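I have placed the structure first, in the form of C-alpha coordinates, so that the comments after it can refer back to it.
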Amino acid sequence: MHFSIPETEVRSGENGSTYVAFNIHVNSVLHCQVRYSQLLGLHQQIKKEYGNNVAPAFPPKKIFTLTPAEVEQRREQLEKYMQAVRQDPMLGASEVFNSFLRKAQQETQQIPTEEVPLEIYLSKSQKVTVNILTSDQTEDVLEAVASKLDLPDDLAGYFSLFLVREGVDGGLTFVRKLQDFELPYVSVTSLRSLEFHIALRKSYWDTAYDSDVMDNRVGLNLLYTQTVSDIERGWILVNKDQHRQLKSLQEKGSKKEFIRLCQTLKYFGYIQFDPCVTDFPEKGCHAIVSAGNNELNFQVKLPNEQMKEGSFKVTRMRCWRVTSSQVPVANGTASLPPLQQVPVANGTASTSPCSSAQCEVKLELAFEYLMSKDRLQWVTITSPQAIMMSICLQSMVDELMVKKSGGSIKKMLRKRPNGSLHRSESQQAVKSPPLLDSPDPDREQIIKLSTKLSSVSLRGTSDVGGGNDFHGNYAFEGIGDDDL
(Lines give C-alpha, C1' and ligand atoms only; values in the text may rest on other atoms or scores of the structure.)
Protein backbone atom coordinates (compact mmCIF):
# COMPACT_ATOMS: atom_id res chain seq x y z
CA MET A 1 0.00 0.00 0.00
CA HIS A 2 1.31 3.42 -0.94
CA PHE A 3 1.09 6.18 1.68
CA SER A 4 1.51 9.81 0.70
CA ILE A 5 0.70 13.32 1.93
CA PRO A 6 0.38 15.21 -1.35
CA GLU A 7 -1.24 18.32 0.07
CA THR A 8 -2.04 20.38 3.14
CA GLU A 9 -4.94 22.65 4.08
CA VAL A 10 -5.39 25.58 6.42
CA ARG A 11 -8.41 24.76 8.59
CA SER A 12 -10.41 26.71 11.16
CA GLY A 13 -10.45 25.40 14.71
CA GLU A 14 -13.30 25.54 17.20
CA ASN A 15 -12.02 28.71 18.90
CA GLY A 16 -11.55 30.59 15.64
CA SER A 17 -7.84 29.83 15.34
CA THR A 18 -6.36 28.17 12.28
CA TYR A 19 -4.17 25.12 11.88
CA VAL A 20 -2.53 23.14 9.10
CA ALA A 21 -4.16 19.82 8.24
CA PHE A 22 -2.24 17.08 6.43
CA ASN A 23 -4.16 14.93 3.96
CA ILE A 24 -2.99 11.32 4.14
CA HIS A 25 -3.64 9.41 0.93
CA VAL A 26 -3.54 5.63 0.57
CA ASN A 27 -3.12 4.40 -3.00
CA SER A 28 -3.66 7.98 -4.23
CA VAL A 29 -7.09 8.28 -2.54
CA LEU A 30 -7.73 10.42 0.52
CA HIS A 31 -7.87 8.24 3.64
CA CYS A 32 -7.91 10.81 6.43
CA GLN A 33 -6.99 14.35 7.41
CA VAL A 34 -4.90 14.89 10.55
CA ARG A 35 -3.06 17.60 12.45
CA TYR A 36 0.63 17.60 13.30
CA SER A 37 -0.27 17.11 16.99
CA GLN A 38 -2.17 13.91 16.14
CA LEU A 39 0.79 12.46 14.28
CA LEU A 40 3.05 13.52 17.14
CA GLY A 41 0.77 11.57 19.49
CA LEU A 42 1.09 8.53 17.23
CA HIS A 43 4.88 8.89 17.26
CA GLN A 44 4.95 9.06 21.05
CA GLN A 45 2.82 5.92 21.29
CA ILE A 46 5.18 4.09 18.95
CA LYS A 47 8.21 5.14 21.01
CA LYS A 48 6.50 4.04 24.22
CA GLU A 49 5.51 0.68 22.76
CA TYR A 50 8.62 -0.16 20.73
CA GLY A 51 11.41 2.14 21.91
CA ASN A 52 13.26 5.13 20.49
CA ASN A 53 15.57 2.98 18.40
CA VAL A 54 12.68 1.48 16.42
CA ALA A 55 10.64 4.64 15.80
CA PRO A 56 11.59 6.56 12.61
CA ALA A 57 12.73 10.17 12.77
CA PHE A 58 9.88 12.61 13.38
CA PRO A 59 9.93 16.32 12.42
CA PRO A 60 10.47 18.50 15.53
CA LYS A 61 8.06 21.01 16.99
CA LYS A 62 8.39 24.69 16.09
CA ILE A 63 7.87 27.54 18.52
CA PHE A 64 6.72 30.12 15.98
CA THR A 65 4.14 29.96 13.20
CA LEU A 66 5.49 28.08 10.20
CA THR A 67 6.23 29.86 6.95
CA PRO A 68 4.85 28.30 3.73
CA ALA A 69 8.28 26.86 3.01
CA GLU A 70 8.44 25.29 6.47
CA VAL A 71 4.94 23.84 6.05
CA GLU A 72 6.04 22.21 2.80
CA GLN A 73 9.18 20.87 4.49
CA ARG A 74 7.08 19.42 7.33
CA ARG A 75 4.69 17.85 4.80
CA GLU A 76 7.59 16.07 3.10
CA GLN A 77 9.02 14.93 6.45
CA LEU A 78 5.66 13.61 7.67
CA GLU A 79 5.14 11.78 4.39
CA LYS A 80 8.50 10.06 4.77
CA TYR A 81 7.62 9.25 8.38
CA MET A 82 4.32 7.59 7.43
CA GLN A 83 6.02 5.62 4.68
CA ALA A 84 8.78 4.49 7.02
CA VAL A 85 6.29 3.29 9.64
CA ARG A 86 4.19 1.45 7.07
CA GLN A 87 7.21 -0.24 5.49
CA ASP A 88 8.53 -1.47 8.83
CA PRO A 89 7.20 -5.06 9.20
CA MET A 90 6.58 -4.64 12.92
CA LEU A 91 5.30 -1.05 13.05
CA GLY A 92 3.25 -1.26 9.86
CA ALA A 93 1.26 -4.21 11.21
CA SER A 94 0.97 -2.85 14.75
CA GLU A 95 -2.37 -2.13 16.37
CA VAL A 96 -1.02 1.27 17.43
CA PHE A 97 -0.59 2.32 13.79
CA ASN A 98 -3.72 0.62 12.44
CA SER A 99 -6.05 1.90 15.15
CA PHE A 100 -4.75 5.45 14.63
CA LEU A 101 -5.60 5.27 10.92
CA ARG A 102 -9.03 3.74 11.53
CA LYS A 103 -9.98 6.42 14.06
CA ALA A 104 -8.68 9.19 11.80
CA GLN A 105 -10.62 7.78 8.85
CA GLN A 106 -13.88 7.73 10.79
CA GLU A 107 -13.36 11.24 12.17
CA THR A 108 -12.48 12.65 8.74
CA GLN A 109 -15.58 11.18 7.13
CA GLN A 110 -17.73 12.26 10.10
CA ILE A 111 -19.50 8.90 10.35
CA PRO A 112 -20.76 8.14 13.87
CA THR A 113 -20.47 4.68 15.38
CA GLU A 114 -23.77 2.87 14.90
CA GLU A 115 -25.08 -0.49 13.71
CA VAL A 116 -25.71 -0.63 9.97
CA PRO A 117 -26.40 -3.25 7.29
CA LEU A 118 -23.59 -3.85 4.80
CA GLU A 119 -23.92 -5.79 1.55
CA ILE A 120 -21.10 -8.17 0.65
CA TYR A 121 -21.06 -9.47 -2.90
CA LEU A 122 -20.24 -13.14 -3.50
CA SER A 123 -20.75 -12.91 -7.26
CA LYS A 124 -22.38 -10.59 -9.75
CA SER A 125 -25.84 -11.80 -8.77
CA GLN A 126 -25.33 -13.00 -5.20
CA LYS A 127 -24.75 -11.06 -2.02
CA VAL A 128 -25.27 -11.35 1.71
CA THR A 129 -26.14 -8.62 4.15
CA VAL A 130 -24.40 -8.46 7.52
CA ASN A 131 -25.19 -6.20 10.45
CA ILE A 132 -22.01 -4.49 11.60
CA LEU A 133 -20.85 -1.35 13.34
CA THR A 134 -19.60 1.52 11.21
CA SER A 135 -16.43 1.36 13.34
CA ASP A 136 -15.80 -2.34 12.61
CA GLN A 137 -12.44 -2.99 11.00
CA THR A 138 -11.81 -5.30 8.05
CA GLU A 139 -11.25 -8.43 10.13
CA ASP A 140 -14.45 -7.77 12.09
CA VAL A 141 -16.48 -7.55 8.89
CA LEU A 142 -14.86 -10.68 7.46
CA GLU A 143 -15.68 -12.50 10.69
CA ALA A 144 -19.31 -11.33 10.48
CA VAL A 145 -19.54 -12.59 6.88
CA ALA A 146 -18.05 -15.96 7.86
CA SER A 147 -20.57 -16.21 10.69
CA LYS A 148 -23.47 -15.32 8.38
CA LEU A 149 -22.43 -17.98 5.88
CA ASP A 150 -21.51 -20.52 8.57
CA LEU A 151 -17.95 -20.66 7.23
CA PRO A 152 -15.49 -22.05 9.82
CA ASP A 153 -12.97 -19.57 11.24
CA ASP A 154 -9.97 -21.50 9.94
CA LEU A 155 -11.36 -21.38 6.39
CA ALA A 156 -12.29 -17.70 6.63
CA GLY A 157 -8.55 -17.01 6.49
CA TYR A 158 -8.53 -18.28 2.90
CA PHE A 159 -10.78 -15.39 1.87
CA SER A 160 -10.46 -11.60 1.88
CA LEU A 161 -12.65 -8.57 1.34
CA PHE A 162 -12.02 -6.46 -1.74
CA LEU A 163 -13.22 -3.05 -2.82
CA VAL A 164 -14.55 -3.45 -6.36
CA ARG A 165 -16.15 -1.20 -8.93
CA GLU A 166 -18.86 -2.40 -11.30
CA GLY A 167 -18.90 -0.78 -14.72
CA VAL A 168 -21.94 0.14 -16.76
CA ASP A 169 -21.22 -2.86 -18.99
CA GLY A 170 -21.21 -5.23 -16.02
CA GLY A 171 -17.43 -5.48 -15.93
CA LEU A 172 -15.72 -5.73 -12.56
CA THR A 173 -12.67 -3.75 -11.50
CA PHE A 174 -10.75 -4.82 -8.40
CA VAL A 175 -9.68 -1.58 -6.74
CA ARG A 176 -7.85 -2.99 -3.73
CA LYS A 177 -7.83 -5.55 -0.97
CA LEU A 178 -9.25 -4.04 2.22
CA GLN A 179 -6.61 -3.63 4.92
CA ASP A 180 -6.51 -3.81 8.72
CA PHE A 181 -6.09 -0.04 9.01
CA GLU A 182 -9.43 0.81 7.41
CA LEU A 183 -13.12 0.54 8.17
CA PRO A 184 -14.88 -1.20 5.25
CA TYR A 185 -18.19 0.58 5.73
CA VAL A 186 -16.49 3.98 5.85
CA SER A 187 -14.25 3.14 2.89
CA VAL A 188 -17.10 2.19 0.57
CA THR A 189 -19.61 4.84 1.64
CA SER A 190 -17.09 7.68 1.49
CA LEU A 191 -16.75 7.08 -2.26
CA ARG A 192 -20.37 8.22 -2.66
CA SER A 193 -21.04 6.06 -5.70
CA LEU A 194 -23.32 3.06 -6.12
CA GLU A 195 -20.85 1.43 -8.51
CA PHE A 196 -18.47 0.61 -5.64
CA HIS A 197 -19.07 -2.57 -3.63
CA ILE A 198 -17.29 -4.85 -1.18
CA ALA A 199 -16.77 -8.38 -2.48
CA LEU A 200 -15.62 -11.63 -0.87
CA ARG A 201 -13.05 -13.59 -2.87
CA LYS A 202 -10.43 -16.21 -2.16
CA SER A 203 -7.10 -14.58 -1.35
CA TYR A 204 -4.60 -17.32 -2.24
CA TRP A 205 -2.98 -18.27 -5.54
CA ASP A 206 -1.87 -21.91 -5.18
CA THR A 207 -4.74 -24.10 -6.43
CA ALA A 208 -3.56 -26.85 -4.06
CA TYR A 209 -5.35 -24.93 -1.30
CA ASP A 210 -8.64 -25.40 -3.14
CA SER A 211 -8.84 -28.91 -1.69
CA ASP A 212 -8.89 -27.51 1.86
CA VAL A 213 -11.70 -25.14 0.97
CA MET A 214 -13.74 -27.73 -0.93
CA ASP A 215 -13.78 -30.10 2.05
CA ASN A 216 -16.30 -27.75 3.63
CA ARG A 217 -19.80 -27.32 2.17
CA VAL A 218 -19.83 -23.52 2.45
CA GLY A 219 -16.25 -23.22 1.21
CA LEU A 220 -17.10 -25.41 -1.78
CA ASN A 221 -20.11 -23.25 -2.63
CA LEU A 222 -18.08 -20.04 -2.36
CA LEU A 223 -15.30 -21.36 -4.59
CA TYR A 224 -17.84 -22.74 -7.06
CA THR A 225 -19.70 -19.41 -7.21
CA GLN A 226 -16.47 -17.50 -7.78
CA THR A 227 -15.39 -19.89 -10.54
CA VAL A 228 -18.69 -19.58 -12.39
CA SER A 229 -18.49 -15.78 -12.12
CA ASP A 230 -14.95 -15.76 -13.52
CA ILE A 231 -16.12 -17.84 -16.49
CA GLU A 232 -19.08 -15.56 -17.11
CA ARG A 233 -16.93 -12.43 -17.11
CA GLY A 234 -14.44 -14.08 -19.47
CA TRP A 235 -11.54 -14.37 -17.05
CA ILE A 236 -11.28 -18.15 -17.52
CA LEU A 237 -10.85 -19.33 -21.11
CA VAL A 238 -13.38 -22.03 -22.06
CA ASN A 239 -13.85 -23.60 -25.49
CA LYS A 240 -17.07 -25.23 -26.73
CA ASP A 241 -16.19 -28.78 -25.68
CA GLN A 242 -15.12 -27.68 -22.22
CA HIS A 243 -18.24 -25.57 -21.89
CA ARG A 244 -20.37 -28.61 -22.71
CA GLN A 245 -18.61 -30.66 -20.04
CA LEU A 246 -18.97 -27.92 -17.44
CA LYS A 247 -22.66 -27.45 -18.14
CA SER A 248 -23.21 -31.19 -17.77
CA LEU A 249 -21.45 -31.16 -14.39
CA GLN A 250 -23.58 -28.20 -13.33
CA GLU A 251 -26.77 -30.03 -14.21
CA LYS A 252 -25.63 -33.01 -12.14
CA GLY A 253 -24.72 -30.76 -9.20
CA SER A 254 -21.13 -32.01 -9.30
CA LYS A 255 -19.45 -28.90 -7.95
CA LYS A 256 -16.13 -30.48 -6.98
CA GLU A 257 -15.74 -32.05 -10.42
CA PHE A 258 -16.73 -28.73 -11.98
CA ILE A 259 -13.97 -26.91 -10.09
CA ARG A 260 -11.39 -29.61 -10.80
CA LEU A 261 -12.10 -29.37 -14.52
CA CYS A 262 -11.82 -25.59 -14.32
CA GLN A 263 -8.44 -25.96 -12.59
CA THR A 264 -7.14 -27.37 -15.88
CA LEU A 265 -8.37 -24.37 -17.87
CA LYS A 266 -6.32 -21.38 -18.84
CA TYR A 267 -6.42 -18.43 -16.40
CA PHE A 268 -8.18 -20.33 -13.62
CA GLY A 269 -7.74 -18.36 -10.40
CA TYR A 270 -6.41 -15.27 -12.19
CA ILE A 271 -7.54 -11.70 -11.54
CA GLN A 272 -7.88 -9.73 -14.76
CA PHE A 273 -7.21 -6.00 -14.78
CA ASP A 274 -8.69 -3.30 -16.96
CA PRO A 275 -7.01 -2.50 -20.30
CA CYS A 276 -3.73 -0.66 -19.78
CA VAL A 277 -0.57 0.48 -21.58
CA THR A 278 2.89 -1.12 -21.39
CA ASP A 279 6.31 -0.41 -22.84
CA PHE A 280 7.01 -4.07 -23.58
CA PRO A 281 7.78 -5.35 -26.14
CA GLU A 282 7.36 -1.86 -27.61
CA LYS A 283 6.49 1.50 -26.11
CA GLY A 284 2.83 2.39 -26.18
CA CYS A 285 1.44 -1.14 -26.47
CA HIS A 286 -2.11 -1.72 -25.28
CA ALA A 287 -2.46 -4.80 -23.11
CA ILE A 288 -4.70 -6.90 -20.92
CA VAL A 289 -2.79 -7.93 -17.77
CA SER A 290 -3.87 -10.77 -15.49
CA ALA A 291 -2.35 -11.95 -12.19
CA GLY A 292 -2.27 -15.60 -11.19
CA ASN A 293 -0.14 -18.75 -11.02
CA ASN A 294 2.78 -16.67 -9.66
CA GLU A 295 2.95 -14.52 -12.77
CA LEU A 296 1.68 -11.48 -14.62
CA ASN A 297 0.22 -12.56 -17.94
CA PHE A 298 0.28 -10.09 -20.84
CA GLN A 299 -2.02 -10.11 -23.85
CA VAL A 300 -0.45 -7.35 -25.92
CA LYS A 301 -1.60 -5.51 -29.01
CA LEU A 302 1.39 -4.05 -30.80
CA PRO A 303 1.24 -0.70 -32.64
CA ASN A 304 1.15 -2.65 -35.94
CA GLU A 305 -2.02 -4.47 -34.72
CA GLN A 306 -0.10 -7.74 -34.23
CA MET A 307 -1.13 -9.65 -31.09
CA LYS A 308 1.28 -11.32 -28.68
CA GLU A 309 0.93 -13.11 -25.37
CA GLY A 310 3.38 -14.04 -22.67
CA SER A 311 3.96 -14.14 -18.95
CA PHE A 312 6.40 -12.67 -16.44
CA LYS A 313 7.06 -15.00 -13.51
CA VAL A 314 7.28 -13.44 -10.08
CA THR A 315 10.32 -15.63 -9.37
CA ARG A 316 12.18 -13.83 -12.16
CA MET A 317 11.43 -10.33 -10.88
CA ARG A 318 14.34 -8.83 -9.00
CA CYS A 319 12.24 -5.96 -7.66
CA TRP A 320 9.30 -3.74 -8.53
CA ARG A 321 8.00 -0.30 -7.66
CA VAL A 322 4.87 1.81 -8.03
CA THR A 323 5.14 5.48 -8.90
CA SER A 324 2.46 8.16 -9.12
CA SER A 325 2.52 11.51 -10.86
CA GLN A 326 0.11 14.23 -11.89
CA VAL A 327 -0.19 14.85 -15.62
CA PRO A 328 -2.19 17.57 -17.42
CA VAL A 329 -5.22 16.43 -19.36
CA ALA A 330 -5.85 17.58 -22.89
CA ASN A 331 -8.96 19.78 -23.24
CA GLY A 332 -9.55 19.45 -19.50
CA THR A 333 -11.08 15.98 -19.83
CA ALA A 334 -9.62 13.38 -17.50
CA SER A 335 -9.67 9.69 -18.34
CA LEU A 336 -9.89 8.85 -14.65
CA PRO A 337 -12.79 9.84 -12.38
CA PRO A 338 -12.06 12.95 -10.28
CA LEU A 339 -11.19 12.48 -6.64
CA GLN A 340 -14.16 12.70 -4.32
CA GLN A 341 -14.80 15.70 -2.13
CA VAL A 342 -14.55 14.81 1.54
CA PRO A 343 -16.37 16.81 4.22
CA VAL A 344 -14.08 17.91 7.03
CA ALA A 345 -15.14 19.21 10.44
CA ASN A 346 -15.34 22.99 10.81
CA GLY A 347 -14.63 23.73 7.20
CA THR A 348 -15.42 23.30 3.57
CA ALA A 349 -14.85 20.25 1.43
CA SER A 350 -11.31 19.23 0.65
CA THR A 351 -10.32 18.51 -2.91
CA SER A 352 -7.15 17.43 -4.59
CA PRO A 353 -5.39 20.30 -6.37
CA CYS A 354 -5.44 18.03 -9.40
CA SER A 355 -9.13 18.74 -10.01
CA SER A 356 -8.70 22.47 -10.27
CA ALA A 357 -5.54 22.22 -12.36
CA GLN A 358 -7.24 19.87 -14.85
CA CYS A 359 -4.82 17.03 -14.36
CA GLU A 360 -5.05 13.40 -13.36
CA VAL A 361 -3.06 10.91 -11.30
CA LYS A 362 -0.92 8.59 -13.39
CA LEU A 363 0.09 5.31 -11.74
CA GLU A 364 2.82 3.04 -13.04
CA LEU A 365 4.05 -0.38 -11.97
CA ALA A 366 7.62 -1.09 -13.06
CA PHE A 367 9.47 -4.34 -12.43
CA GLU A 368 13.02 -5.44 -13.22
CA TYR A 369 12.92 -8.79 -15.00
CA LEU A 370 15.57 -11.32 -16.02
CA MET A 371 14.86 -11.72 -19.72
CA SER A 372 17.76 -14.08 -20.24
CA LYS A 373 20.96 -15.05 -18.48
CA ASP A 374 22.73 -11.91 -17.24
CA ARG A 375 20.19 -9.57 -18.91
CA LEU A 376 17.82 -7.61 -16.72
CA GLN A 377 15.24 -5.24 -18.18
CA TRP A 378 12.67 -2.88 -16.69
CA VAL A 379 9.07 -3.37 -17.83
CA THR A 380 6.51 -0.66 -17.08
CA ILE A 381 2.71 -0.89 -16.90
CA THR A 382 0.64 2.30 -16.83
CA SER A 383 -2.66 1.56 -15.15
CA PRO A 384 -4.99 2.98 -12.46
CA GLN A 385 -4.74 -0.53 -10.95
CA ALA A 386 -0.93 -0.45 -10.67
CA ILE A 387 -1.07 -0.64 -6.87
CA MET A 388 -3.51 -3.57 -6.98
CA MET A 389 -1.08 -5.33 -9.32
CA SER A 390 1.73 -4.69 -6.85
CA ILE A 391 -0.38 -6.09 -4.00
CA CYS A 392 -1.00 -9.24 -6.05
CA LEU A 393 2.73 -9.65 -6.69
CA GLN A 394 3.53 -9.20 -3.01
CA SER A 395 0.90 -11.72 -1.92
CA MET A 396 2.36 -14.24 -4.39
CA VAL A 397 5.80 -13.75 -2.88
CA ASP A 398 4.39 -14.03 0.64
CA GLU A 399 2.63 -17.27 -0.24
CA LEU A 400 5.80 -18.72 -1.76
CA MET A 401 7.70 -17.77 1.38
CA VAL A 402 5.14 -19.47 3.60
CA LYS A 403 5.19 -22.58 1.43
CA LYS A 404 8.99 -22.68 1.39
CA SER A 405 9.13 -22.45 5.19
CA GLY A 406 6.60 -25.25 5.57
CA GLY A 407 3.99 -22.94 7.07
CA SER A 408 0.27 -22.64 6.40
CA ILE A 409 -1.80 -19.78 5.03
CA LYS A 410 -4.61 -20.63 7.44
CA LYS A 411 -5.49 -17.71 9.67
CA MET A 412 -7.68 -18.02 12.73
CA LEU A 413 -9.81 -14.92 13.02
CA ARG A 414 -9.68 -13.26 16.40
CA LYS A 415 -12.92 -13.26 18.37
CA ARG A 416 -14.54 -9.93 19.12
CA PRO A 417 -14.18 -8.96 22.77
CA ASN A 418 -17.91 -8.36 23.15
CA GLY A 419 -18.81 -11.54 21.33
CA SER A 420 -21.28 -9.68 19.13
CA LEU A 421 -21.12 -11.81 16.02
CA HIS A 422 -24.84 -11.60 15.31
CA ARG A 423 -24.97 -15.40 15.42
CA SER A 424 -28.66 -15.20 16.28
CA GLU A 425 -29.35 -14.28 12.68
CA SER A 426 -30.41 -17.07 10.37
CA GLN A 427 -27.49 -18.46 8.43
CA GLN A 428 -27.61 -17.63 4.74
CA ALA A 429 -26.35 -20.32 2.40
CA VAL A 430 -24.54 -19.58 -0.85
CA LYS A 431 -26.92 -20.32 -3.69
CA SER A 432 -25.86 -22.13 -6.83
CA PRO A 433 -25.40 -19.69 -9.70
CA PRO A 434 -27.42 -20.14 -12.91
CA LEU A 435 -26.21 -22.48 -15.61
CA LEU A 436 -23.44 -21.17 -17.82
CA ASP A 437 -24.43 -19.25 -20.91
CA SER A 438 -23.04 -20.38 -24.22
CA PRO A 439 -19.55 -19.00 -24.81
CA ASP A 440 -19.13 -16.00 -27.05
CA PRO A 441 -18.12 -17.42 -30.46
CA ASP A 442 -15.85 -14.42 -31.09
CA ARG A 443 -14.04 -14.51 -27.74
CA GLU A 444 -11.88 -17.55 -28.42
CA GLN A 445 -10.46 -15.95 -31.55
CA ILE A 446 -9.54 -12.85 -29.56
CA ILE A 447 -7.89 -14.71 -26.69
CA LYS A 448 -5.97 -17.24 -28.79
CA LEU A 449 -3.23 -14.92 -29.96
CA SER A 450 -0.91 -15.81 -32.78
CA THR A 451 2.54 -15.28 -31.26
CA LYS A 452 3.92 -15.11 -27.76
CA LEU A 453 6.55 -13.46 -25.64
CA SER A 454 9.18 -15.72 -24.12
CA SER A 455 9.61 -16.59 -20.45
CA VAL A 456 12.41 -18.62 -18.88
CA SER A 457 13.24 -19.81 -15.39
CA LEU A 458 15.02 -18.16 -12.48
CA ARG A 459 15.17 -18.36 -8.73
CA GLY A 460 14.78 -15.33 -6.53
CA THR A 461 12.57 -12.31 -6.14
CA SER A 462 12.38 -9.37 -3.77
CA ASP A 463 10.03 -7.23 -1.81
CA VAL A 464 8.39 -4.09 -3.17
CA GLY A 465 10.97 -1.45 -3.91
CA GLY A 466 13.90 -3.86 -3.90
CA GLY A 467 13.88 -5.00 -0.30
CA ASN A 468 15.00 -8.35 1.08
CA ASP A 469 15.83 -10.89 -1.60
CA PHE A 470 13.96 -14.17 -1.55
CA HIS A 471 16.00 -17.16 -2.63
CA GLY A 472 14.35 -20.41 -3.52
CA ASN A 473 14.76 -23.21 -6.03
CA TYR A 474 11.56 -22.59 -7.96
CA ALA A 475 11.55 -23.25 -11.70
CA PHE A 476 8.51 -22.25 -13.77
CA GLU A 477 8.13 -22.97 -17.44
CA GLY A 478 7.06 -20.23 -19.81
CA ILE A 479 4.04 -20.35 -22.07
CA GLY A 480 4.34 -22.86 -24.88
CA ASP A 481 2.27 -23.61 -27.97
CA ASP A 482 0.48 -26.45 -26.16
CA ASP A 483 -0.90 -23.99 -23.64
CA LEU A 484 -3.13 -22.26 -26.16
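Bear in mind the structure is a predicted one, so any value in this text is a computation, not a measurement.
Rounded to the nearest 0.5 angstrom, M396 CE and T315 OG1 are separated by 11.0 Å. The structure places CG of L91 at 11.0 Å from CG of N98, a figure rounded to the nearest 0.5 Å. One finds the CG atom of L296 at 10.5 Å from the NZ atom of K313 (value rounded to the nearest 0.5 Å). Taking SG of C285 as the start and CD1 of I381 as the end, the distance is 12.0 Å to the nearest 0.5 Å. Taken to the nearest 0.5 Å, the CZ atom of F159 stands 9.5 Å off from the CG atom of L122. Remark: L142 CG to Q137 CD distance equals 11.0 Å, nearest 0.5 Å.
Within the 4.5 Å cutoff, no side-chain heavy atoms of D279 are placed close to those of E282. Counting heavy atoms from C-beta on, the side chains of K266 and V238 never come closer than 4.5 Å. By the 4.5 Å heavy-atom criterion applied to side chains, W320 and S390 are counted as neighbours. Taking the side chain as every heavy atom from C-beta outward, L220 and I259 approach each other to under 4.5 Å. Taking the side chain as every heavy atom from C-beta outward, L393 and M317 approach each other to under 4.5 Å. Between L200 and V128, the closest side-chain pair of non-hydrogen atoms is not below 4.5 Å. When side chains are defined from C-beta on, V228 does not count as touching D230, because their heavy atoms never get closer than 4.5 Å. Looking only at side-chain heavy atoms (C-beta outward), L261 and L249 come within less than 4.5 Å of each other.
Comment: R102 does not engage D136 in a salt bridge, judged by the lack of any side-chain N to carboxylate O separation of less than 4.0 angstrom. Using a 4.0 Å cut-off between charged side-chain N and carboxylate O, E182 and R176 make a salt bridge. The existence of a salt bridge linking E305 and K301 is confirmed by a sub-4.0 Å separation between a basic side-chain nitrogen and an acidic carboxylate oxygen. Contact check on E72 versus R74 returns no salt bridge, with no Lys/Arg side-chain nitrogen under 4.0 Å from an Asp/Glu carboxylate oxygen.
In this structure, a donor-acceptor pair under 3.5 Å is present between the side chains of Q250 and Y224. Using modelled atom types, one finds no donor on one side chain facing an acceptor on the other under 3.5 Å when comparing S190 with Q105.
Legend: residues meeting salt bridge (Lys or Arg N to Asp or Glu O under 4.0 Å) with R86, ordered by chain and number and at least two apart, are absent. Under the salt bridge (Lys or Arg N to Asp or Glu O under 4.0 Å) criterion, D241 pairs with R244, not counting sequence neighbours. For the side chain to side chain donor-acceptor pair (under 3.5 Å) test, residues two or more places apart in sequence or in another chain that qualify with Y270 are E295.
For Q299 against Y267, the heavy-atom pair with the smallest separation is NE2-OH, 3.4 Å. Counting all heavy atoms, side chain and backbone alike, K255 lies closest to N221 at NZ-OD1, 2.6 Å. Taking all atoms of both residues into account, the shortest heavy-atom contact from M82 to L101 is CE-CD2, 4.0 Å. In terms of heavy-atom proximity, L163 sits nearest to V188 at CD1-CG2, 4.1 Å. The shortest non-hydrogen separation linking R75 to I5 is NH1-O, 2.5 Å. Considering every non-hydrogen atom in both T382 and C276, the closest pair reads O-CB, 3.3 Å.
Side chain of Q106 to backbone of I111: a donor-acceptor contact under 3.5 angstrom is found. Side chain of Q385 to main chain of D274: a donor-acceptor pair is present (N/O by atom type, distance under 3.5 Å, no hydrogens or angles). D206 places no side-chain N or O within 3.5 Å of a backbone atom of Y209 that could act as its donor or acceptor partner. A donor-acceptor pair is defined here as one N or O able to donate and one able to accept, closer than 3.5 Å; such a pair exists between the side chain of Q38 and the backbone of R35. Side-chain atoms of Q179 come within 3.5 Å of backbone atoms of K177 as a donor-acceptor pair (strictly under, hydrogens ignored). Distance alone, capped at 3.5 Å, places no donor-acceptor pair between the S372 side chain and the R375 backbone. With hydrogens and angles disregarded, a donor-acceptor distance shorter than 3.5 Å links the side chain of Q242 to the backbone of N239. With S290 contributing its side chain and N297 its backbone, the two residues share no donor-acceptor pair below 3.5 Å. Between the side chain of E399 and the main chain of W205, a donor-acceptor pair closer than 3.5 Å is present. A donor-acceptor pair under 3.5 Å links the side-chain atoms of S203 to the main chain of Y158, judged by distance alone.
Of the residues F312, Y369, F298, the one that meets the ring-ring contact (aromatic ring centres under 6.0 Å, His included) test with F280 is F312.
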side-chain contact (heavy atoms from CB on, under 4.5 Å) assessment of T225 paired with Q126 = CA-CA 9 Å; T225 299; Q126 289 193 57; 3.8 Å; yes
Report the C-alpha distance between I231 and L246 in whole Å, list the side-chain angles of each, state the deciding distance to 0.1 Å, and finish with yes or no for side-chain contact (heavy atoms from CB on, under 4.5 Å).
-> CA-CA 11 Å; I231 294 175; L246 291 172; 3.9 Å; yes
CA sep, side-chain torsions, deciding dist, call: T189, F196, side-chain contact (heavy atoms from CB on, under 4.5 Å) = CA-CA 8 Å; T189 56; F196 288 95; over 6 Å; no
Evaluate the criterion side-chain contact (heavy atoms from CB on, under 4.5 Å) for residue pair Y204 and D210; output intermediate values, then yes/no.
-> CA-CA 9 Å; Y204 58 88; D210 288 341; 2.5 Å; yes
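A 6.0 Å sphere centred on NZ of K202 holds more than 12 heavy atoms belonging to other residues, nucleotides or ligands.
The aromatic rings of F3 and F97 are tilted relative to each other, their planes meeting at an angle between 30° and 60°. Ring orientation note: the planes of F174 and F162 are nearly perpendicular, at an angle over 60° on the 30°/60° scale.
For the pair R321 and W378, the cation sits on the ring face: its NZ or CZ lies under 6.0 Å from the ring centre, inside 45° of the axis.
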